[in-house]
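I have placed the structure first, in the form of structure tokens, so that the comments after it can refer back to it.
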Amino acid sequence: LEMTPDDMHDRIAHEFARIERSFGGDGVLHFGQIRARLNHFKWIIPQGSPMAGIGNDQQVVSLSNCVVVDSPEDSISGIFDKSKELAQLFKRRCGVGIDISTLRPQDAIVRNAARTSSGAWSFAEVYSNTANTIGQQGRRGALMISIDVRHPDVVHFIKMKSKLGKVEGANVSVRISDDFMEAVAFDKQWEMKFPVDDPNAPMYSTIRAKDLWDDLIEQATKHAEPGLLMWDNITKMLPADCYKQFKTVTTNPCGEIPLSPYDSCRLMVLNLKSFVDFPFTKHAQFDREKLQQVVREATRLSDDLVQLELEKIDAIIESTDDLEEIKLWNKLYKAALEGRRIGLGTTGVADMLACLGLRYDCQEAVDFIDSVFYDIKVAAYRESVQLSRERGSFPVWNWETEKHCEFFLDMPADLISDMIKYGRRNISILTLAPTGSVSIEAQVSSGGEPNFRNQGWRFRKMGYEEPSTPDRIDHAGVRWKKYRTYHRNVQQWRDLNPDKDLPEYFVESDQIDWQMRIKMQSAMQKHIDHSISSTINLPKGTTTDTVSELYLQAWSQDLKGVTVYVEGSRQGVLVSDEQMASTTHSKRPKILTADVFYPTILGEQWLLVVGLLEGKPYELFCGRINGTEQLHNMPRTIESAQVERKGQGRYDLELVNQKGTVIIEGFNLHLELPEQASLNRMISTALRHNVPIQFVVEQIGKSEGDFQSLSKVLARYLKRYIVDGLTREGKECPECHSDLGLVYQEGCLTCQSCGFAKCG
């Protein structure tokens with residue numbers, strides 16, 4: 001029904017203008033003003049759910065980006081009741097967060113056929129499957145699952161996503177407390193208990209806090225999860241958490257909105273790049289007066305968005321005769337009405353800095369961001385106070401209840417005075433979301449994060465009914481389409497400077513010093529009452545020690561949440577040129593060094609030549625030695641060998657030993673290849689496309705036949721190229737059933753727990 005962004009912006013502006021007229025007052029915004037702010041995604045951008053749902057009479061959907069449900073009751077009924085609530089919310093376009101700390105730990109006694117519980121962590125898979133199953137216009141539901149660091153199942157929870165295919169429909173995070181971090185710092189024992197929030201609950205078990213911390217760090221380094229929610233930092237700096245009925249239980253899927261049960265939030269962002277006048281010139285300057293004006297307007301529209309959501313919830317309730325769904329949405333209606341929570345954020349931070357000639361990780365940039373986000377905070381809270389004068393405060397407002405909240409400590413005295421006198425319209429106001437799709441539409445850097453790549457590849461998840469051929473299908477069956485990307489900010493600079501090299505302030509995320517990255521996030525966080533969705537990108541090879549130090553500094557600098565991504569630790573949506581090359585065919589040099597072996601297979605002499613690229617297997621030739629004299633007389637003592645490609649499927653083999661050099665021309669053509677020749681080609685194809693050698697060995701070792709069969713022999717020779725110490729996670733020991741992971745030693749999988757060794 002809409003063919004252009006202009007059509008959409010007309011629809012949205014008409015609805016906002018309608019709500020503005022209904023409230024009236026001196027500050028009312030008219031259609032033309034609102035439409036100008038939305039135009040070309042330049043100033044104010046409602047995020048995905050509001051953008052899709054405002055004024056949309058074709059679908060009955062919510063405008064809430066984020067919802068949190070109550071933790072499940074500790075029973076089978078309670079667990080699956082939450083699964084139904086997730087499904088109801090997913091189908092209305094909401095992302096959801098749930099904390100499972102209320103569920104009893106593994107091996108706890110239950111009074112049913114199972115006798116003992118499979119544990120809180122095991123039910124994460126139930127909720128993940130619900131998210132994967134319920135489609136939202138061809139996409140899956142977004143889900144966050146968290147657990148408290150005091151829960152006895154926290155170690156299982158931390159490690160569960162190391163198993164391929166586990167809990168893939170959810171992000172997972174651990175709620176970390178200050179006393180746990182102190183136990184890590186002073187190397188103390190950590191007490192697990194259940195229920196976790198009961199001060200009188202008996203101790204369930206103990207663990208060395210540093211051991212638990214090391215497990216968490218290892219998984220984050222290898223798999224980019226779990227994330228950390230610094231729980232005490234979250235609650236002490238969030239005005240909403242001061243109210244009993246708005247006590248925080250977890251966050252939304254991306255971590256930027258900590259919420260109470262059945263509260264929700266609708267997101268809107270400011271495009272900070274647009275506030276830079278004369279970008280990329282010596283006259284570049286940031287328009288602070290304009291920023292404060294637009295923040296006030298965006299705060300007003302954010303409150304209008306609450307009103308529009310209340311109308312949408314009424315429409316949802318009217319559209320269904322499902323009593324459980326009606327009950328659910330009545331809870332959301334009550335929370336939205338009583339708190340009027342909003343989520344005003346920003347996008348284009350990195351682009352704004354580049355336009356001003358500031359490198360993201362310099363101290364000048366950190367100081368500048370500190371001042372900009374302070375201005376946003378003060379302007380937004382002033383407008384919420386003004387809205388309270390015009391429209392009334394949020395119904396449960398009480399200054400005595402929230403006056404000790406640390407977030408108010410550096411607010412201007414006159415603002416606090418006005419807030420005490422007139423109240424505030426919204427219980428909590430600010431956030432910093434990842435703005436993935438929004439940043440693409442606005443052609444700016446994402447959220448508050450540095451630019452990932454100046455150019456690279458993006459993978460887009462394809463819709464279920466999309467007819468085109470996918471470029472990638474992952475192990476979960478999800479189809480992806482790839483396309484080339486060039487960052488718009490860089491293109492604009494090149495248009496102005498066609499013959500110059502790109503300045504160093506166009507820095508990419510993994511080139512940024514992580515300590516400055518934390519300083520930057522800390523500068524933003526102290527002016528944001530909710531939280532920040534943040535992933536710190538780290539180069540390949542980053543050690544667990546570095547990640548541990550990063551997390552410790554994040555906590556000490558009052559960050560509320562942080563996630564790390566070490567390059568290559570998981571498949572991403574954004575991929576660098578180097579990463580793309582690593583998953584495709586590596587071009588063969590004309591000459592490769594080689595290893596030569598003479599296996600005996602079924603009583604006959606064979607030749608095996610393994611070509612090596614950068615010391616790793618790249619191709620192999622394996623066949624019976626027939627009557628060719630050259631092959632029969634090949635030297636058995638060899639100091640070095642190499643394979644030279646001559647074209648038309650012919651390869652020459654050069655062998656060197658103490659007696660001299662022997663060259664066997666077209667050696668591969670003289671090998672007698674049995675029917676299994678296709679195995680040679682398949683293995684070489686896998687090696688050339690950088691499939692890890694341990695997986696190649698594992699797969700060909702599964703072939704039928706005894707130890708003398710071709711596949712078994714090839715597996716035995718190739719396993720010598722497996723590097724000692726590689727872990728095979730997600731595979732439990734067949735002897736003791738430990739899930740600690742198996743480690744390769746001399747090509748054999750060895751259990752770290754009982755020492756069992758499994759050899760091909």
Side-chain angles (χ1 to χ4, degrees), residues 5 9 36-45 268-298 344-376 379 432-456 458 484-509 511-512 516-517 519-521 523-524 527 574:
H9 287 142
R37 288 291 180 245
L38 299 175
N39 199 41
H40 294 131
F41 307 96
K42 186 175 182 181
W43 302 104
I44 299 174
I45 314 172
M268 188 177 292
V269 297
L270 309 165
N271 183 351
L272 290 185
K273 179 183 174 180
S274 298
F275 296 94
V276 180
D277 296 327
F278 315 111
F280 306 124
T281 71
K282 63 182 180 181
H283 303 295
Q285 60 183 7
F286 188 78
D287 192 336
R288 290 181 182 270
E289 185 176 341
K290 184 81 167 182
L291 173 69
Q292 292 172 18
Q293 175 189 348
V294 176
V295 169
R296 291 193 296 270
E297 293 168 352
L344 180 59
T346 58
T347 193
V349 168
D351 281 1
M352 171 190 67
L353 293 173
C355 288
L356 293 166
L358 295 175
R359 183 181 166 103
Y360 187 95
D361 57 351
C362 72
Q363 187 60 50
E364 185 181 355
V366 172
D367 295 340
F368 177 73
I369 286 296
D370 190 341
S371 67
V372 167
F373 276 73
Y374 175 83
D375 287 350
I376 292 172
L432 193 47
T435 68
S437 299
V438 163
S439 66
I440 295 171
E441 291 160 340
Q443 300 186 76
V444 295
S445 57
S446 180
E449 301 194 275
N451 192 30
F452 180 69
R453 288 287 181 268
N454 292 324
Q455 63 182 46
R458 175 174 287 275
R484 201 78 168 88
T485 63
Y486 299 92
H487 192 56
R488 177 64 176 162
N489 220 33
V490 176
Q491 289 179 312
Q492 289 176 333
W493 184 90
R494 289 195 186 282
D495 290 342
L496 294 171
N497 305 275
D499 300 320
K500 294 182 180 180
D501 292 332
L502 206 62
E504 57 89 26
Y505 54 73
F506 282 104
V507 63
E508 296 179 340
S509 59
Q511 300 168 345
I512 289 173
M516 292 302 295
R517 177 74 171 76
K519 277 189 176 182
M520 179 64 82
Q521 187 171 334
M524 300 174 189
H527 304 303
L574 289 169

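Worth knowing before you read on, the calculation uses all heavy atoms, side chains too, and leaves out hydrogens, waters and symmetry mates. What you see is a predicted model; the values in this text were computed from it and never measured.
- A side-chain donor from one of R288 and S371 sits under 3.5 Å from a side-chain acceptor of the other.
- From N489, atom CG reaches atom CZ of F280 across 3.5 Å, with rounding to the nearest 0.5 Å.
- Shortest non-hydrogen contact noted between H9 and L38 is CE1-O, 3.2 Å.
- At a cut-off of 3.5 Å, with distance as the only test, no side-chain donor of K273 or Q443 sits close to an acceptor on the other residue.
- Rounded to the nearest 0.5 angstrom, L272 CG and W43 CH2 are separated by 10.5 Å.
- Nearest approach of P279 to L496, heavy atoms of both residues: O-CD1, 4.1 Å.
- Here the options are H283, Q285, K290, the test is side chain to side chain contact (heavy atoms under 4.5 Å, CB included), and the partner is D277; only Q285 passes.
- Proximity of L356 to M352: side-chain heavy atoms (C-beta onward) are separated by under 4.5 Å at one or more points.
- With rounding to the nearest 0.5 angstrom, the NE2 atom of H40 is 11.5 Å from the OG atom of S274.
- Across A350 and N451, no two heavy atoms sit closer than the pair CB-N, 3.8 Å.
- To the nearest 0.5 angstrom, E441 atom CD is 10.5 Å from T347 atom OG1.
- In this structure, Y360 and G448 approach most closely via the heavy-atom pair OH-O, 2.6 Å.
- Without hydrogens or angle criteria, Q292 side chain to I376 main chain gives no donor-acceptor distance under 3.5 Å.
- I512 places none of its side-chain heavy atoms less than 4.5 Å from the side chain of M520.
- In this structure the side chain of D287 never reaches within 4.5 angstrom of the side chain of L291, judged on heavy atoms.
- A heavy-atom distance below 4.5 Å is not found between the side chains of V372 and F275.
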Please walk me through it: do L432 and F373 pass side-chain contact (heavy atoms from CB on, under 4.5 Å)? CA-CA 11 Å; L432 193 47; F373 276 73; 4.3 Å; yes
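- For G436 against S446, the heavy-atom pair with the smallest separation is N-OG, 4.2 Å.
- With ring centers used as reference points, F368 lies under 6.0 Å from F286.
- Minimum heavy-atom separation, C355 to V276: CB-CG1, 3.8 Å.
- Rounded to the nearest 0.5 angstrom, D351 CG and Q492 CD are separated by 8.0 Å.
- Between the side chains of H527 and D370, a donor-acceptor pair is found at a separation under 3.5 Å.
- Each of I44, I45, V438 was evaluated against M268; a single residue qualifies, I44, per the side chain to side chain contact (heavy atoms under 4.5 Å, CB included) test.
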Could you go through I369 and V349, starting from their C-alpha distance and side-chain angles, then the distance that decides it, and tell me whether this counts as side-chain contact (heavy atoms from CB on, under 4.5 Å)? CA-CA 9 Å; I369 286 296; V349 168; 3.7 Å; yes
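- Taking the side chain as every heavy atom from C-beta outward, R517 and E449 approach each other to under 4.5 Å.
- In this structure, the separation between CD on E297 and CG on L270 is 10.5 Å, given to the nearest 0.5 Å.
- H487 has its ring centre no less than 6.0 Å from the ring centre of F506.
- A salt bridge is absent between R359 and E364; no separation between the charged side-chain nitrogens and carboxylate oxygens falls under 4.0 Å.
- Judged by distance alone, the side chain of T346 and the main-chain N or O of G447 form no donor-acceptor pair under 3.5 Å.
- Other residues, nucleotides and ligands contribute more than 12 heavy atoms inside 6.0 Å of the CD atom of E504.
- In summary, the side chains of Q363 and D367 do present a donor paired with an acceptor at a separation below 3.5 Å, with no hydrogens or angles considered.
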